Amino acid sequence: MYVRYLNIAVFGLLFLGLSTSIASADAVIKKSYLNYNGYRYYKGSAQQLELGDWCDKKTPITAANYCDQKGTLKGLINQVTVSRFEVEQNGSTAVNILGNFSIPLLGWGLKGDDFVKKVFDGEYVFLHMAIDNENKFKNDLNKKPGKINDLKQKDSYRIVDSVIIVMKGSEARSLGITHKGNFKGTWNGTKLTVDSDVQSETARQFEPEKGTVYAYGLKKIQWDAKREKKRTEIEDLKNDPHGP
């Protein structure tokens, strides 16, 4: 899943007189994670992941925690919950906003200072998209023996159950997501259709582009058996937030 919606040197921000203190009432952005509504989302390798991917969680000592993509389960996802938030001055630093996020991969022809300024001005907003009914997702996944066989091989495997996408504010408004709060939608693996006040179905559709996933949430798999060979079913999916 991708949206049109670094490791960049940030010293130019200071010379341009751009504020390096950026955050919002909803979100605090750190170098390796984004804290939204009290939950810490991973930033490492976010631009290589999509909603519904399964991946191998890595915790290197000298770099940000990340999840190495191994496959996808997005065909099992239909209903999603979406919300939006903006980033305001007074909190996180510009260095943190650019940390573990590649501006070139975003592909919008920007420099780091341009990206930070547009985030600060509200021209760019963040869209949070998550699996709506995780119990149904889990039950449907248990009916896929091939996927279960893949996932049971390592305890470090995780499932991406939510993503935070950077998008243009005008696109969020065209979807009818003009205020804070949760909206329902459908996701077909490439295109999001939002249930909103916008009447036209076409206007309510959004197809994320490659490189726009800014952060993601992970679920740890709780199995019916400790030993890999005896595992046949997922009992639960547990939150696995980024560490403080």
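These numbers were taken from a predicted model, which means no experiment stands behind them.
- Legend: residues meeting salt bridge (charged side-chain N to carboxylate O under 4.0 Å, His left out) with Asp224, ordered by chain and number and at least two apart, are absent.
- You'll find the side chain of Ile148 stays beyond 4.5 Å of the side chain of Thr232, heavy atoms only.
- Looking at residues two or more places apart in sequence or on another chain, you find no ring pair (Phe, Tyr, Trp, His ring centres under 6.0 Å) involving Phe137.
- Note that NZ of Lys152 and CH2 of Trp223 are 7.5 Å apart. Values are rounded to the nearest 0.5 Å.
- Of the N and O atoms on the side chains of Tyr36 and Ser83, at least one donor lies less than 3.5 Å from an acceptor on the other residue.
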**OP:** Quick one: do Lys31 and Asn100 satisfy side chain to side chain contact (heavy atoms under 4.5 Å, CB included)? Show the steps, please.
**Re:** CA-CA 7 Å; Lys31 186 176 182 180; Asn100 288 289; 3.7 Å; yes

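- The ring-ring contact (aromatic ring centres under 6.0 Å, His included) test with Phe85 is passed by exactly one of Phe126, Tyr124, Tyr41: Phe126.
- For the pair Asp240/Lys219, no side-chain contact is recorded, criterion being any heavy-atom separation below 4.5 Å from C-beta on.
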**OP:** Under the side chain to side chain contact (heavy atoms under 4.5 Å, CB included) rule, what do Asp150 and Gln153 come out as? Steps first, then yes or no, please.
**Re:** CA-CA 6 Å; Asp150 289 337; Gln153 300 302 320; 5.7 Å; no

Original post:
Between Gln69 and Gln48, is a side chain to side chain contact (heavy atoms under 4.5 Å, CB included) present by the stated rule, with each step listed?
Top reply: CA-CA 7 Å; Gln69 200 263 8; Gln48 282 74 50; 5.6 Å; no

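- With a 4.5 Å cut-off on side-chain heavy atoms, Tyr214 and Ile29 count as touching.
- Remark: Asn188 pairs with Thr190 by the side-chain hydrogen bond (donor to acceptor under 3.5 Å, both in side chains) rule, at least two apart or across chains.
- For the pair Cys55/Leu218, a side-chain contact is recorded, criterion being any heavy-atom separation below 4.5 Å from C-beta on.
- Counting only heavy atoms from C-beta outward, the side chains of Thr81 and Lys184 approach each other to under 4.5 Å.
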Subject >> Lys136 and Asp140: CA distance, side-chain angles, deciding distance, salt bridge (charged side-chain N to carboxylate O under 4.0 Å, His left out) verdict >> reply: CA-CA 6 Å; Lys136 180 181 183 302; Asp140 290 344; 2.8 Å; yes

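- Contact check for Ile164 versus Leu127: no side-chain heavy atoms found under the 4.5 Å cut-off.
- Here Arg84 contributes atom CZ and Phe183 contributes atom CZ; the two are 9.0 Å apart, rounded to the nearest 0.5 Å.
- At least one side-chain heavy atom of Leu141 sits under 4.5 Å from a side-chain heavy atom of Ile159.
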Original post:
Can Ile221 and Leu237 be said to form a side chain to side chain contact (heavy atoms under 4.5 Å, CB included), step by step?
Top reply: CA-CA 5 Å; Ile221 303 170; Leu237 296 172; 4.1 Å; yes

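- Between Leu175 and Met167, the closest side-chain pair of non-hydrogen atoms falls below 4.5 Å.
- Formation of a donor-acceptor pair under 3.5 Å by the Arg40 side chain with backbone atoms of Asn35 is not found in this model.
- Here the CG atom belonging to Asn37 is positioned 8.5 Å from the NE2 atom belonging to His128, to the nearest 0.5 angstrom.
- Residues satisfying the salt bridge (charged side-chain N to carboxylate O under 4.0 Å, His left out) criterion with Glu228, sequence neighbours excluded, are absent altogether.
- Here Asp161 pairs with nothing under the side-chain hydrogen bond (donor to acceptor under 3.5 Å, both in side chains) rule; sequence neighbours left out.
- The CG atom of Asp195 sits 7.5 Å away from the CD atom of Gln79 when rounded to the nearest 0.5 Å.
- Take Tyr33 and apply the ring pair (Phe, Tyr, Trp, His ring centres under 6.0 Å) test, not counting sequence neighbours, and it matches His242.
- Trp108 does not carry Lys118 over the face of its six-membered ring by the limits of under 6.0 Å from the centre and within 45° of the normal.
- Screening Lys70, Arg158, Lys154 for a side chain to side chain donor-acceptor pair (under 3.5 Å) involving Asp56 leaves a single residue, Lys154.
- Here the rule is side chain to side chain contact (heavy atoms under 4.5 Å, CB included) with Asn65, and of Ser45, Pro60, Ser32 only Pro60 fits it.
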